[in-house]
Structure formats: structure tokens, C-alpha cells
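Chain identifiers are assigned alphabetically (A, B, ...) following the order of the sequence lines, protein sequences preceding nucleic acid strands; residue numbering begins at 1 within each chain. Please read these numbers as outputs of a predicted model, since none were measured by experiment.
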Number of protein chains: 2
Amino acid sequence: MNSKRAIPTLHDVATTAGVSTATVSRCLNFPDRVSPRTKDKVLAAIEALGYSPNFGARAMAARRTNTIGAIIPTMENAIFARGLQAFQEELRLHGFTMLVASTSYKPEIEEEQIRSLVSRGADALLLIGHDRRPEIYDFLETQGVPALVTWAFDAASHRTSVGFDNQRAMQEMATEVIKLGHKKLALISAETANNDRALARRTGIYQAMEDAGLPPHDLQVVETSYGIVEGANAFGEIMGRGQKPTAVFCGNDVLAVGALRRAREMGISVPQDVSVIGFDDIELAQVAYPPLTTVHVPHREMGQKAARALSRLLLEGIPLEPTLLKTTLVYRNTLAPINF
Amino acid sequence: MNSKRAIPTLHDVATTAGVSTATVSRCLNFPDRVSPRTKDKVLAAIEALGYSPNFGARAMAARRTNTIGAIIPTMENAIFARGLQAFQEELRLHGFTMLVASTSYKPEIEEEQIRSLVSRGADALLLIGHDRRPEIYDFLETQGVPALVTWAFDAASHRTSVGFDNQRAMQEMATEVIKLGHKKLALISAETANNDRALARRTGIYQAMEDAGLPPHDLQVVETSYGIVEGANAFGEIMGRGQKPTAVFCGNDVLAVGALRRAREMGISVPQDVSVIGFDDIELAQVAYPPLTTVHVPHREMGQKAARALSRLLLEGIPLEPTLLKTTLVYRNTLAPINF
DNA sequence: TTTTAAAATGCAAGCCTTTACATTTCTGCA
DNA sequence: TGCAGAAATGTAAAGGCTTGCATTTTAAAA
């Protein structure tokens, strides 16, 4: 039947509409530069043929794609989802399309994905965190693809970032916790290798301890990969040891929710027996039981600002500017003073 | 400085390595068809130049992209994430790359995304649910892009699907609930317009009621959009009315978790005062408090099988085959018999 | 009407790869 | 050493679109 009907091209549309390919192309790209009558003919032909422009050819001829790539560690949880959603929505307003790729927190995969998105013609890239091989940045430079770092902020880095200060945020929280009398602290951290955010958060706690005259060395740290179950196990490990902490920091809310769950299973009351602190303030944090005390990160704002910055750069040539976003402490029900 | 250095092309690599473009191309695509010595030279040139193949040109010349597009309603929650992750992992094993796009549950955006992915050269598409305008399917046919429907199963549809029977699954659950003595039922449903899964789940409950001799008309239905907060509000609305149900079904786990939360806030005990039932069995369901009774959907299996089916089609020409996956009832702590 | 500028349209080159086919270089063996 | 066949490499066309420039049509002004 219709089996081997060839895919319609610009040329087919032009023939059907009785115009040149240039006109069809303009009709698609600059509708006002075409007379209404012609436009109608062309659109009718497009509709009749079921034509769809070939992106590759278009990208090659136009040397841009109106596409921005975002490379995130994982889509499996909400941490990046919300910010990304905002990023996409804002991008859409400016006529850009977002392409997402995920890396499972593996640097090799990240490099692969960066190359893949660049080769797919991404006009710019959104990256998470600063930490990657300089070769990658060189590559991006060679390819002329601007990249914006988010979810972290480092004024020192020459890579522009729109993000927040992971270390300071965690340090603020830790300072508050210490003020409440907690001295025996533990941290369930995401893996710090290749993850500057996790590292910065840990450093923030060390810093707060030092400032308070506590030996940083005393912080019990368990590193684990992402996931509720992983958080639960890490919590079990920590509370199973001799030296039980009175406050357990978690590198992110997902781990914290896991900790909360294991606490319940172990019959440990939060916050009476132990305080649990999260990071990120994703939806999960409010829903957890008890509702989680955590550090709020303005994910939506971050996504939106990142999108604006990139559109401005691409559309108007306005250079990227480092932007520091404020985090806030959200007190809910998992943190209590010691000996209350 | 390095400002206007042009982006390196295959041709540049060829010149640098002192070979023809054909050789460079082969070096990239069929490494064993090139002598080791030449390969070294070429790879060195590629490295030195920071070359990255132009995807568009490649797609155009090769007439395939090894890319499969997935279009999902939203990335904001875990419902699609897990299945998609599995889909991607399996795809990767077969040498394909996944491209994701999301639609915010809006049919117009979905159409746009379908066109966008097709025009980007997706060799095939993964779609959620059957329900869309026939024109879209015609378009896909014209473009020669196979599409596989998931998250739903309809043997009657001529669009092949790898999924589960939403109606039957919900019906089974409802039958059990009714067996426990529940007669006053409510449903917090996702919006059923343009969502055949939500519709099927509702129908499942109606069916179960009818089978049990209950008037389907008695089911209190509140439709709401996605989100924990929305679920909470819907629950509040239902429990604020005169006729209070003894069991509240939820179209998905996210809504259910919202319901649970609001119940707690209202001082309503689950399951003593009211039973709450979810759907999907995402991670959230286990973590909720109390752990949620729900319908388990084999998301990972679905993603994996979909990926296999598509790879087989693209690589070996084996036609897609409808595949029905089994759901199971997961009893946790939010469902209890009436008058217990 | 005629003239003139503006608007609409057409022509054709160029964007970067892959690949069928042609040609050259090896390899092993007589 | 010479030769056939295999392996490696090169040549050049094709693929679909955009866009600078040239040409034609339209509209407005005279």
C-alpha cells in the first residue's frame, strides 16, 4: 500500500505549492516576509503532504538549532526535575527547545553526553556543578558551545554559574544545629567523588564544627549512593554503632527520608531521640513523616534564571553573569534541641 | 585570541591526518576496516582538533540516527522516571540513544513534541497511552517513524502497545476493597480528558461496583491535576462533604500521598477512619506514612520490554508485538476492612 | 498611465557526512 | 621476483535546508 512512499521534503512542498524552495523555507522561518496568499498555498501543501522539516539539514544550513542541552546526574528523583521544569518552561518562552540527558553520576557518561548533545547541535549547555576535566571545557570552547553551570556557585571558577553556595548553606544549618546543643553529629552524604556539591556540603559542616570549637574529625560520615533505601541503610549503620549521634545531617532530602523511615522501623523517635536534617526541600520533605527540617533551595528560580541567562546570550549576545541564589533554612519537625 | 577559530570538520581532520574524508569517516564508523597506523593518525588528529561529528550531516547522509524519542506527560515525578530509566538503559545496550520530551499532559504540546522529535530524526518513538488524534498517527506513518504505546494496553487498538490493563488492575483492587465491606467509595482521579489511563482506572472502579451490585453512580469523583498538594486538597474536599466515604481510591500514588498527608492534618486516622488506595507503587508508596496499599505496576519491566521491542524492530525488522504486563495488588497499611 | 521604491520570489551555493565504486597498496605464494 | 586477490584508501555524489543576491511583481506616487 503506502509502504514505500518517500518522506516528503521541502522540494516536494515547493512543487505542490507551485513555488520555490526558498519561499517555502521563508514561509516556515519568516512568515511575514511572504504574501498571505502564498503562505496559504504553502501551508496547505505542507498539511497535505504531512511534511516535517528535516532537523539535520536545517541545522546544517542555518548553523544553529534553537536547542539547549541539559545534562543532569539522574532523572530518577525530584531533585533536578523541578529546576529543569522551570528551565524548560522559560526556554520555551524564548523559542528554545530543551534536550535532557542523564549521567547516573558517572563522569565518563557525562562526557559522552556532552559530546552527544554538542554533536546534536545544542546551541548551549546547562551543566550541574563545576567539577569536570578541563579537557571538556576546552572541547566546548573549540566547538563554540557556551555552557552554564548550575546547582552550585563558585565565584572563583572562571566558568559562569547560576546557583547557590552549597557549603555556606550547609554551614548555616549546621551552626543552628550546634546552637541547639548537638555535639555528636553524623552525615549521610552522597558520594563525594566527582560531586562538588556533596563535597561542599560536607565541608560546610566541618566549618561549622570548627567555628564552634568542635573537632571536625568527630563527624561520623557515611557515603552512599542515591536513594531512599540507601539512606535508610546508612542511617541503620550509623545508629548501630557504639557512638550514637544526636543529629544526623543528610546530603539531600531523599537520603533523609530514607533515614526517617529506618528510624521508624528501629523504634527511634525523631526528633526526640535523634534529629534528622535534609537538604534541597523537594516536595518529599513536606510529605515525609515527620515533616523534614531542611535547607530550601530555590530550584525554580534557578532554572528560570539559567534559562534567561542563556537565551539572552544566544539571542542578544549578552554575556553570562555569575548569579548567587539564596538558600533558606526550613524548620519543620525533625530538629529539636538536645535535652529538651 | 581563539575567538573565531572555526569549528573543525571531518575535512579538517582528514587534512591534518593526511588522509581522505572517507577514511576518517570509516575510522569512526567501521574501525576494523582501517589499518591500525591510519587509525592512530586519525584519532590523534581528532583529539588535537577537538573534532566532534556533526549529527545533522551524519543523519542526513546515513539516513538514520540511532535515536529513539520518548514523550512523557511530565518529568516532575517518579511515575515515568523509573520506566524511562529502564527504557534508556536497555536502549543503550543496543546502541541507541534516548531523547526525552515532556508535554505537561497537554495534547497540543504532545503533538508539537512528536513533530519535534521526528524532525530531529528519531528512528522510533515511545508514547504514553493510546489516546491522540488520528492525524498524528497518519503523520508518523508518512514519516516512516514507528511508534510504540506504553503505560496502557488495548488489544483492540491497532497501535501496538507494551503495557498493562489499567481498567482491570483498578477493578481488581476495587473488588477487594468492596469485599472488605466498603460501600461508600470515592475517587481522587487525575484529569480524564486526554488521559485514557485515568479514564480506564475510573471505569475499573465503576465495573467493580456494578459487579458487586453497588450503584456506580454513588462513587464520589474529584478530578484534579497532578501533585501531592492537589491530592491533599481533593481529599479535604471529599472528607468535608456530608457523605463521607470509607475508602478513597487515588488515581496514582502521588495523589494518594497527598491524601494521606491531609488526613493526618485533619486528624483522620488511616486506615481506621478511612482507607486510602494508591496506584503505581512508586518508591513514595513505601515511604509514605502509613505505607500505602497500592497497585504495583512493573515499570522497569515495561521500559525494558519496550526498548527491546523497538531495538528488534529497528535492527532486525521484527515487527512490534502487543505485550500485556501483569499488575499486582500490594497490601500495605492503608486499607482495612470496614467495622474491624 | 508611467515611474519608482518596496515587497515578494527565485536561483544556486554551501553546510558536513556517508557510501558505492574506483583505485592503489599490501600480502602471501608460486 | 612477479602476480593474484585481499585490504586499504580515495573520489565524488547525494542528502534537505537556508540565505545572499538577483529578479520579478506589486503598490504607491506622480
Sugar-phosphate means primed atoms, P, OP1 and OP2; the rest is base. With that split, encode nucleotides 21-29 of chain D 5' to 3' as B, S or - using protein heavy atoms under 4.0 Å.
---------

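- Nucleotide D:dA6 holds its C1' atom 16 Å from the CG atom of B:Asp32, rounded to whole Å.
- Using a 4.5 Å heavy-atom threshold, the side chains of A:Ser311 and A:Glu90 count as separate.
- Here the rule is ring-ring contact (aromatic ring centres under 6.0 Å, His included) with A:His299, and of A:Phe80, A:Phe87, A:Trp151 only A:Trp151 fits it.
- Rounded to whole angstrom, the span from the CG atom of B:Leu10 across to the C1' atom of C:dT19 amounts to 13 Å.
- Taking the centre and axis of the six-membered ring of B:Phe30, the NZ or CZ atom of B:Arg33 falls inside the cone set by 45° and 6.0 Å.
- Protein atom NE2 of B:His11 is 11 Å distant from nucleotide atom P of C:dT17, rounded to whole Å.
- In B:Glu135, the CD atom is crowded: over 12 heavy atoms of neighbouring residues, nucleotides or ligands sit closer than 6.0 Å.
- Residue-level contact check: A:Ala62 touches the backbone only, with heavy atoms under 4.0 Å from sugar-phosphate atoms and none from bases.
- Candidate nucleotides C:dT17, D:dT19, D:dG16 were compared by shortest atom distance to the side chain of B:Ala57, and C:dT17 ranks first.
- Between B:Arg58 and A:Arg63, the residue anchored nearer the 5' end of DNA chain C, judged by the nucleotide with its closest heavy atom, is A:Arg63.
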For A:Glu301 and A:Lys305: C-alpha separation, side-chain torsions, deciding distance, then whether salt bridge (Lys or Arg N to Asp or Glu O under 4.0 Å) applies.
CA-CA 6 Å; A:Glu301 185 190 357; A:Lys305 291 209 164 151; 3.0 Å; yes

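- The distance between atom CD1 of A:Ile46 and atom C1' of D:dG16, rounded to the nearest whole Å, is 14 Å.
- For B:Ala61, counting side-chain heavy atoms from C-beta on, the closest listed nucleotide (D:dT18, C:dT9, D:dG15) is D:dG15.
- Among the nucleotides C:dT9, D:dG10, D:dT19, the one closest to any side-chain atom of B:Val19 is D:dG10.
- Residue B:Tyr51 is in sugar-phosphate contact alone, with no base atom involved, counting any heavy-atom pair closer than 4.0 Å across all strands shown.
- Between the NZ atom in A:Lys106 and the OG1 atom in A:Thr103 there is a gap of 8.5 Å [rounded to 0.5 Å].
- In this structure, the CZ atom of A:Phe55 is 19 Å from the P atom of C:dC15, given to the nearest Å.
- Residues B:Tyr137 and B:Arg132 bring a donor and an acceptor atom of their side chains to less than 3.5 Å of each other.
- In this entry the distance linking CG of A:Leu49 with P of D:dG16 reads 13 Å, nearest Å.
- Taking the nucleotide of DNA chain D with the nearest heavy atom to each of A:Leu28 and B:Lys39, the more 5' of the two is matched to B:Lys39.
- For A:Thr21, whose side chain is taken as the heavy atoms from C-beta onward, the closest listed nucleotide among C:dC15, C:dA12, C:dT17 is C:dA12.
- At whole-Å resolution of the value, CG in B:Asn29 and C1' in C:dT18 are 8 Å apart.
- Proximity note for B:Thr23 (side chain, C-beta onward) versus C:dT18, D:dT18, D:dG10: the nearest is D:dG10.
- Of the candidates D:dT19, C:dC15, C:dT19, C:dT19 carries the atom nearest the B:Arg64 side chain, counting heavy atoms from C-beta on.
- In this structure, CG of B:Asn54 is placed 15 Å from P of D:dC17, rounded to the nearest angstrom.
- When distances are taken from the side chain of B:Phe30 to each of D:dG16, C:dT19, D:dT18, the shortest belongs to C:dT19.
- At the heavy-atom level, A:Ser25 lies under 4.0 Å from base atoms of the strands shown.
- Side-chain N/O atoms of B:Ser119 and B:Ser116 include no donor and acceptor closer than 3.5 Å.
- For A:Thr38, counting side-chain heavy atoms from C-beta on, the closest listed nucleotide (D:dG16, C:dT17, C:dT9) is C:dT9.
- An OP1 or OP2 oxygen of C:dT9 is reached within less than 4.0 angstrom by a side-chain nitrogen or oxygen of A:Ser35.
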